[in-house]
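Before any comments, here is the structure.
We use all heavy atoms of the structure for the numbers below, so side chains are in, but hydrogens, waters and symmetry mates are not. Below, chain A is the first sequence line, B the second, and so on; all start at residue 1.
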Amino acid sequence: MDRYKPQEIEKKWQDKWESENVYKTEMDPDRPKYYALEMFPYPSGNLHMGHVRNYSIGDVMARYKTMQGFNVLHPMGFDSFGMPAENAAIKHGVKPSDWTFSNIENMKRQQRSMGLSYDWDREAITCRPDYYKWTQWLFELFYKRGLAYKKKATVNWCDTCGTVLANEQVIDGKCWRCDSPVEKKELSQWFLKITDYADELLEDLKLLKGWPERVKVMQKNWIGRSEGLEFSFDVPSMGTKIPVYTTRPDTAYGVTFLALAAEHPLVEEICKTSPKADEIHAFCEHVRHQSDIERTSSESEKEGINTGVICINPFNGNEVEIWVTNYVLADYGTGAVMGVPSGDQRDWMFADKYGIKKILTLQPKDKQLKLEEMTEAYVEKDGVLVNSGKFTGMEMHKAMGAIIEEAEKQGFGKRHVNYRLRDWLISRQRYWGAPIPVIYCPHCGEVLVPEKDLPVLLPENVSFEQGSVSPLAHCDEFVHCKCPKCGADAVRETDTMDTFICSSWYYLRYTDPKNDKEPFAKDKVNYWAPVDQYIGGIEHAVLHLLYSRFFTKVLRDAGLVDFDEPFTNLLTQGMVIKDGSKMSKSKGNVVSPEEIINKYGADTARLFILFAAPVERDLDWSDQGVEGAFRFLNRVWRILLHFEDTVKGAPTAYDVTKLTKEEKDLRRKLHLTIKKVTEDVGERFMFNTAISNIMELVNELYSFQEKEMNAGLARETAASLLKLLAPFAPHIAEELWSRLFEGSVHQQKWPSYDESALQEDEIEIVLQINGKVRDKIMIAPDLDRDAMKEVALATPRAQELTAGKQVVKVICVPKKLVNIVVKG
RNA sequence: GCGGAUGUGGCGGAACUGGCAGACGCGCCGGAUUUAGGAUCCGGUGCCGCAAGGCGUAUGGGUUCGAGUCCCUUCAUCCGCACCA
């Protein structure tokens, strides 16, 4: 018998699969489809273990569903625009495209070495003109639908990356990519109007039954919908009004000051006439110098300055002073907040610090509050109103509605819904991205590049000497052009699009990747999409996964697709950990997939990574565990080749009734394994237990190593075992299949189990006395409760332990146990 | 602070609907084979105890004939959100 040599057989089968194009997929409306998708990688140069885990999971699903008879779409591509390519250009003088494409080649080689069942004919590479042409086309679609606009705004700026960032890309006040602090800048930038879809993006989370709860919670928090009242305070001395937003209209009678954000436009107005202008300016300057982290931390000291300007609470006519503060955010709500010390802890602290008075407007139903005894605000959302004019005595929730109605009736306010979600800032001052297809004409203004002129090609010959300014802006032949409308000399937009735009629709492009007339044909996209199973890391919970949902909804409204959500089921895999932390170069705990595959083969790598932990949990890398997976595959190899001659000479059918007891047990184990693996893979995504079940079957098979075995059973066992193993370890399964059977294991039908094979003549049940296991007894499986009770009570063990005691009760669970409850 | 998740042998983890806790794998111990090592095969391996038996799923309580699983309490760890008015 020859030894298991993974390097040889894996290469052999990969070449064969590729040359025979076995993973090519065609649309077939007569067959049920299954779209399995792993998040496509950024071509950094090498696969890491997280990729290996991601693709192994996806490949199991794709192969399993194929064997189940589905028409499976399983594509791969590269999210290949982005900063690292440009940084490589700046640092090493290589062209971003060269750097990118050579990385893609290397990563594809590594992906091939994993034996993944991709249809490479469908590859999507976002930095290629045939792809980004349609990214630009989609931008224009958004523009035409009023969903893309340019606006001057305060935006996030990362100085290290030399570009602006979307809100979603700022994590704790720092750049998501390089971790340097993000500054605020006033710039004119392109936005996509994701806020138009805020409500639907929130509402439709309910449709996503196949998504992890925590991803939905994160999106919900990010969208941040709140309901309340927007109403205005009059400023008589200035002849103007200040609108405020509150979710607690029930506390409106308790307002004792009005707080403005330092950036609020009214602050400048006040300064024009105020004798305290210098002081106010100094304060605003001070606030602006606080970092985002300081300003948005709930622990930060609340500070403010009294402008001395009076405004009037429209509910009770009270005069209150306008303060400028550091804790009101300019870009949420109206940038102005009513201050109610008795009902809000922040306002309470602020009032204490500056000696502002408090008015109590809410107290618990069963207790009288006294301001002078209180040490903090009463923030419970429960109670009865006091000191609130005609609303005094009203229950709090009822009062909220009534007060909103009052404001609407009096005409100084209205019910209002607010979101935390901001529009998506998509322009980037970088070179390596899809150019925004807009031209600025001195006569016509902002003009879209006509569809026939798409794509706007990214010029290859640019200089990276310009420091932090985009090389595109210095590329004269790119910048200067003619206006498509009037023919006058004009200039191009030199910003490129956020790469998250490119990745917001790639899963749709896979359905029709070579289409040069449209981004994808409608029949194809509606046949394949939405994605049935999407697999990737949790880190995209509010980035890619939110943007893609937004894109899908816009495309649906434009009539390009017929579905509401892009990803029906989402699986968020855990990280790969070693020595207690995520694998990273800086920690020095990286294990290279390429080395592991070279040493043990891809089948071992895949098997270990799927076996070591449930897919959603973090996975502890263990070199010894890898050895174990390798050992198991060797065991499979040896035992099946041990039976090679038996299997080859075996009939396809055999008489089950002629089997020995051991053979019947093996057959039962086989069918039980089929049942469990099918459930674990198909319903529960428990690949670890699916593999352990296969291991148990192999262990069982080893008990026949020194024994004769019914040839028909040997054949059935070998065939089913290889089919069960095929999605996890495709090469060894294929090799052994080719030695024992005809054709390809991957084109076999997934095995089904025979219910009758699971039947047993006798089963072991547990005998408990007072809930403690005291004996195990063999009974016929179909015994009813009464018969079980009789058998159990008659056993010597039960006799012994119940002697002299009173049997209070006997609980019988068919096929499981008998519990005798005794007293005395 | 709020929200979510997790907590089981020396380790990774099983136990799906309340019914033999620790499947499977790693590690460890023993045996066979071998000149030896490695590889392989077989057996053992939660803790205490010579044993009978007792104790065990973060903590303390509860429901139940029976709880890792259900309910309440406390603790720990991780993740997300966090001045959002």
The answer to which of A:Val813 and A:Asn418 contacts RNA chain B further toward the 5' end, by nearest nucleotide, is A:Val813
For A:Asn688 and A:Val773, find the nucleotide of RNA chain B closest to each by heavy atoms; which residue's nucleotide sits nearer the 5' end? A:Asn688
Would you tell me whether [X] and [Y] have side-chain atoms, one donor and one acceptor, within less than 3.5 Å of each other?
X        : Y        : answer
A:Trp348 : A:Glu376 : no
A:Asn699 : A:Arg635 : yes
A:Thr572 : A:Glu616 : yes
A:Tyr419 : A:Asp199 : yes
A:Gln705 : A:Arg638 : no

Using a strict threshold of under 4.0 Å (side-chain N to carboxylate O), is an ion pair present between [Y] and [X]?
X        : Y        : result
A:Lys676 : A:Glu679 : no
A:Asp665 : A:Arg668 : yes
A:Lys184 : A:Glu263 : no

Side chain [X], main chain [Y], donor-acceptor under 3.5 Å:
X        : Y        : value
A:Asp250 : A:Ala399 : no
A:Asp423 : A:Ile194 : yes
A:Trp621 : A:Asn589 : no

Using a cut-off of strictly less than 4.0 Å, decide whether A:Arg420 has a side-chain nitrogen or oxygen near OP1 or OP2 of B:A82. yes
Side-chain N or O of A:Arg774 closer than 4.0 Å to phosphate OP1/OP2 of B:G53: no
Is [X] touching bases, backbone alone, or none of the nucleic acid, heavy atoms closer than 4.0 Å?
X        : value
A:Arg684 : base
A:Glu764 : base
A:Val821 : sugar-phosphate
A:Gln768 : base

Would you say the base of [N] and the side-chain of [X] have a donor-acceptor pair closer than 3.5 Å?
X        : N     : result
A:Lys816 : B:C20 : no
A:Asn221 : B:C81 : no
A:Lys776 : B:C20 : yes

Please give, in whole Å, the distance from [N] [atom2] to [X] [atom1]?
X        : N     : atom1 : atom2 : result
A:Tyr702 : B:G43 : OH    : P     : 13 Å
A:Ile577 : B:G13 : CD1   : P     : 10 Å
A:Tyr4   : B:U40 : OH    : P     : 14 Å
A:Lys216 : B:A5  : NZ    : P     : 13 Å
A:Ile639 : B:C42 : CD1   : C1'   : 14 Å
A:Phe685 : B:A14 : CZ    : C1'   : 19 Å
A:Asn770 : B:G66 : CG    : P     : 9 Å
A:Asp680 : B:A23 : CG    : C1'   : 12 Å

So what stems show up for RNA chain B if we need 3 or more Watson-Crick or G-U pairs in a row, all under 3.5 Å? B:1-7 with B:75-81, B:10-12 with B:24-26, B:27-32 with B:40-45, B:46-48 with B:53-55, B:60-62 with B:70-72
Pairwise [atom1] distance, [M] and [N] [rounded to whole Å]:
N     : M     : atom1 : result
B:A21 : B:G68 : C1'   : 7 Å
B:C16 : B:G7  : P     : 13 Å
B:C28 : B:G46 : C1'   : 14 Å
B:G19 : B:C71 : P     : 15 Å
B:U63 : B:C47 : P     : 33 Å
B:C78 : B:U45 : C1'   : 32 Å
B:G22 : B:G9  : P     : 14 Å
B:U17 : B:A52 : P     : 35 Å

Would you please classify the geometry between the A:Trp323 ring and the A:Tyr354 ring as parallel, tilted or perpendicular, with 30° and 60° separating the classes? tilted
Within 90° of 0 counts as syn, otherwise anti: where does B:G68 fall? anti
Would you mind telling me which of [options] lies closest to the side-chain atoms of [X]?
X        : options             : result
A:Leu329 : B:G53, B:A85, B:A14 : B:A85
A:Arg797 : B:G53, B:C16, B:A14 : B:G53
A:Leu817 : B:G19, B:C55, B:C16 : B:G19
A:Thr246 : B:G4, B:C83, B:A85  : B:A85

Evaluate side chain to side chain contact (heavy atoms under 4.5 Å, CB included) for A:Val52 paired with A:Ser56, printing each intermediate quantity in order. CA-CA 6 Å; A:Val52 174; A:Ser56 298; 3.9 Å; yes
For nucleotides 7-11 of chain B, list the nitrogen or oxygen atoms of the protein found under 3.5 Å from its nitrogen or oxygen atoms, one pair per line.
none

Flag if over 12 foreign heavy atoms under 6.0 Å of CD, A:Gln7: yes
For each nucleotide in nucleotides 24-29 of chain B, reading 5' to 3', give B when a protein heavy atom comes within less than 4.0 Å of its base, S when such contact involves only the sugar-phosphate, and - otherwise. BSSS--
Go through the steps to decide whether A:Leu202 and A:Lys220 satisfy the test side chain to side chain contact (heavy atoms under 4.5 Å, CB included), and finish with yes or no. CA-CA 6 Å; A:Leu202 179 68; A:Lys220 186 178 169 219; 3.6 Å; yes
